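Here's the structure we're looking at; comments come further down.
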Protein chains: 2
Amino acid sequence: MKRVTSVDVARAVGVSQSTVSRALADDSRISKETKRKIQKAAADLGYTPNEIARSLQTNKTNMVGLIMADILNPFYPAVLDLMTQQLHQMGKQLMLISVPAGFEVDDVLPSMLQYQVDGVVITSAVLSSHMRDLLQNRRTRVVLFNRSLEDFSVNSVCCENRAASIEVARRLINSGHRRLAIIGGRPDTSTHRERYAGFEEELRLHGLELVGDEIGGNTYDGAYEAALRLMKGRRKPDAIFCIADVMALGALDAVRSKLGMKVPDDISIVGFDDIPPASWPAYDLTTVRQPIRAMVSRTLSLLFDPDNFPPMAVQVPGKLMVRGSARLSAPVAT
Amino acid sequence: MKRVTSVDVARAVGVSQSTVSRALADDSRISKETKRKIQKAAADLGYTPNEIARSLQTNKTNMVGLIMADILNPFYPAVLDLMTQQLHQMGKQLMLISVPAGFEVDDVLPSMLQYQVDGVVITSAVLSSHMRDLLQNRRTRVVLFNRSLEDFSVNSVCCENRAASIEVARRLINSGHRRLAIIGGRPDTSTHRERYAGFEEELRLHGLELVGDEIGGNTYDGAYEAALRLMKGRRKPDAIFCIADVMALGALDAVRSKLGMKVPDDISIVGFDDIPPASWPAYDLTTVRQPIRAMVSRTLSLLFDPDNFPPMAVQVPGKLMVRGSARLSAPVAT
DNA sequence: GTGAAAGCGCTAACAA
DNA sequence: TTGTTAGCGCTTTCAC
């Protein structure tokens with residue numbers, strides 16, 4: 001069965017194809033009567049406009065590309081969920097690519113651009129300068145989500161990573177911890193660097209330095225091993241800050257189930273993100289909540305606001321969720 | 001800067017536009033020399049074919065639509081990850097929609113079809129007969145993932161839900177459990193019905209019946225409450241089968257942290273899916289593993305195999321992962 | 001208020 | 001081996 005086009009509708013009503021197009025676009029010049037007839041015929045025939053043809057003509061696809069580095073980190077499904085829903089409400093569609101391990105944005109972005117997506121959201125480690133130029137030349141909007149670039153040459157939406165990490169460090173120190181360690185994610189990500197820097201900076205302010213720092217690769221297993229390495233060190237930490245919740249869960253399980261330690265009595269663990277399992281009683285993780293909904297909204301605003309120039313780095317505040325995995329005393333007024 | 005088209009490449013080389021098109025499609029009739037020149041010019045100018053225009057002409061977009069009911073169930077991110085990667089390898093793209101709570105496939109599918117996706121994968125509760133007809137008329141392939149229809153009118157890929165659930169029941173009964181209960185997901189899904197039926201059937205075979213059955217809505221919180229309701233019943237279960245891991249985690253936390261029970265000493269909990277947290281020491285959940293990779297591969301085969309007709313219901317075996325959350329004795333030879 | 005016609009960037013049939 | 005031409009299904013001028 002041949003697909004029904006606007007020409008079929010036109011023929012059925014006895015008007016020209018362009019009139020159909022106008023009527024369905026609710027053009028003010030078309031008479032009420034004609035519109036009604038066309039709408040009826042369209043419904044009867046089961047006509048729906050071909051977005052591909054429309055896109056070719058208007059040079060606008062209403063598709064947004066999303067390049068995700070690690071969907072398997074439980075932080076991201078919520079992002080994805082909100083993103084598709086908000087886009088759908090705006091009458092837009094999402095094209096998704098998950099970057100396989102060992103690949104970069106550069107490897108997958110071009111295939112997405114061939115589909116002429118109107119904008120691209122990237123939640124990945126790095127964006128090469130080559131790709132940045134490419135996007136700029138095409139005038140394809142980009143927003144980095146949960147990532148940023150030092151030189152502000154690209155839009156980005158992040159949590160206030162530094163500030164939040166400073167708060168974590170301060171609260172831990174004020175509560176009597178002195179041997180602090182950190183489990184990082186991937187050193188080539190801005191989130192890693194900012195959280196690491198903020199945490200360490202606050203330590204120095206108190207005349208302390210890290211008793212250990214390990215890389216967990218933003219995975220549960222990676223952090224599990226990292227925590228064990230930390231606990232084998234000369235100076236055993238009394239608190240570990242994991243820059244992502246999924247790693248905090250790994251660290252927690254490592255010290256509890258493998259080393260038989262009590263949390264928070266023997267050691268405090270703090271995460272970042274506030275993924276669903278963080279609030280489950282089995283973990284009861286103290287962590288920094290990222291305001292996902294706000295971050296997604298801001299991302300889409302940056303993507304579609306026509307006079308968003310020059311690119312900007314949006315930062316939204318995180319919120320410390322005090323739960324049971326860290327021995328924290330009441331905050332000190334400042 | 002205007003986007004560079006095949007016409008620009010043609011002009012640069014001094015050939016016709018169609019020659020460019022052929023050269024880039026590696027048409028055998030074009031001379032080596034011309035091809036080389038065209039490829040060079042294309043690279044120099046940064047030309048990449050416009051997939052939208054190509055799609056309009058070929059009536060084939062190489063896009064697959066994926067409609068996901070609950071991305072927030074930790075079972076699905078792995079599916080998504082594999083799906084995008086396998087598609088990308090095939091040179092295809094994925095268009096994703098997450099169905100918001102309170103909406104149905106019918107509400108989102110049409111907007112996807114306007115983009116002329118070549119096929120649709122659905123992991124949702126129900127597919128109305130109206131939509132089924134629509135898809136059939138358009139000759140748009142559909143595969144239900146982790147869902148099936150009784151009448152086999154649509155392709156589907158599922159785990160052997162019944163068989164696996166029967167095995168769970170048998171193992172529990174053979175290990176001495178007598179008061180079995182179940183926490184279901186959503187009664188309007190095939191997975192719910194099949195797992196429920198298999199489990200109950202095996203019980204009856206042993207002259208037992210469920211001491212309780214509750215609905216957990218496929219969420220952690222829902223199952224947490226459901227478990228508490230079960231334990232308030234007249235006959236308290238000594239084993240609970242949760243038809244999805246995310247619910248098993250909720251049930252586990254409920255009986256452990258809220259009721260202070262020991263697992264598996266006081267009660268056995270078994271799940272279904274084998275999501276990552278299931279194997280974490282904090283849960284150590286006995287569950288049925290769904291072979292996601294195989295399921296995704298089969299799904300894409302069904303979608304693209306040209307002579308896949310009539311529709312078929314593919315079933316792949318699950319695998320019982322025996323861990324610590326259920327008191328199971330060694331399997332009895334049959 | 002409506003129609004005719006051009007054209008978005010490509011593929012593919014037909015010519016040469 | 002290459003060029004010419006006709007669309008794919010739409011939007012959007014320009015006429016009337």
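The structure presented is a predicted model; accordingly, all values stated were derived computationally and were not measured. Lettering of chains follows the sequences in order, A, B, ..., and the numbering in each one begins at 1.
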Listing, residues 300-307 of chain A side-chain donor-acceptor contacts under 3.5 Å, not counting sequence neighbours, or none:
{"from": "Ser301(A)", "atom 1": "OG", "to": "Ser297(A)", "atom 2": "O", "distance (Å)": "2.8"}
{"from": "Asp305(A)", "atom 1": "OD1", "to": "Asp307(A)", "atom 2": "N", "distance (Å)": "3.2"}

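Judged by distance alone, with hydrogens and angles left aside, the side-chain atoms of Thr191(B) form no donor-acceptor pair with the main-chain N or O of Arg147(B) at under 3.5 Å. A donor-acceptor pair is defined here as one N or O able to donate and one able to accept, closer than 3.5 Å; such a pair exists between the side chain of Ser190(A) and the backbone of Ser148(A). In this structure, the side chain of Asn155(A) engages the main chain of Met312(A) through a donor-acceptor pair within 3.5 Å.
Contacts of Ser55(B) with the nucleic acid, taken as non-hydrogen atoms under 4.0 Å apart, are absent.
Positionally, the nearest nucleotide of DNA chain C for Gln57(A) lies more toward the 5' end than for the other of Gln17(B) and Gln57(A). Heavy-atom distances to DNA chain D give each of Ser16(B) and Leu56(B) a nearest nucleotide, and the one nearer the 5′ end belongs to Ser16(B). Mapping Ile30(A) and Asn59(A) onto DNA chain C by nearest heavy atom places Ile30(A) at the nucleotide closer to the 5' end.
Taking atom NZ of Lys37(B) as the reference point, atom C1' of dT2(D) lies 12 Å away to the nearest angstrom. Nucleotide dT11(C) holds its P atom 13 Å from the CD1 atom of Ile52(B), rounded to whole Å. Here the P atom of nucleotide dG9(C) and the CZ atom of Arg138(A) are 12 Å apart, to the nearest Å. Lys60(B) has its NZ atom 11 Å from the P atom of dA12(C), to the nearest Å.
Ionic pairing of Asp188(A) and Arg193(A) is not present here: no N-O contact between side-chain nitrogen and carboxylate oxygen is shorter than 4.0 angstrom. Looking at Lys35(B) and Asp27(B), no side-chain N of the basic residue comes within less than 4.0 Å of a carboxylate O on the acidic one, giving no salt bridge.
For the OP1/OP2 pair of dG9(D) and a distance below 4.0 Å, the side-chain nitrogens and oxygens of Ser6(A) include no atom meeting the criterion. Residue Tyr47(B) places at least one side-chain N or O under 4.0 Å from the OP1 or OP2 atom of dC10(C). The side chain of Thr34(A) contributes an N or O atom lying less than 4.0 Å from OP1 or OP2 of dT2(C).
Sorted by residue number, the members of residues 20-29 of chain A with any non-hydrogen atom under 4.0 Å from DNA chain C read Arg22(A), Arg29(A).
Nearest to the side chain of Thr58(B), among dC10(D), dT11(C), dG9(C), sits dT11(C). Looking at the side chain of Ser18(A), the nearest of the listed nucleotides dC10(C), dT2(D), dA4(C) is dA4(C). Looking at the side chain of Arg54(B), the nearest of the listed nucleotides dC10(C), dC10(D), dG3(D) is dC10(C).
Judged purely by distance below 3.5 Å, without hydrogens or angles, the side chains of Arg132(A) and Ser153(A) pair a donor atom with an acceptor atom.
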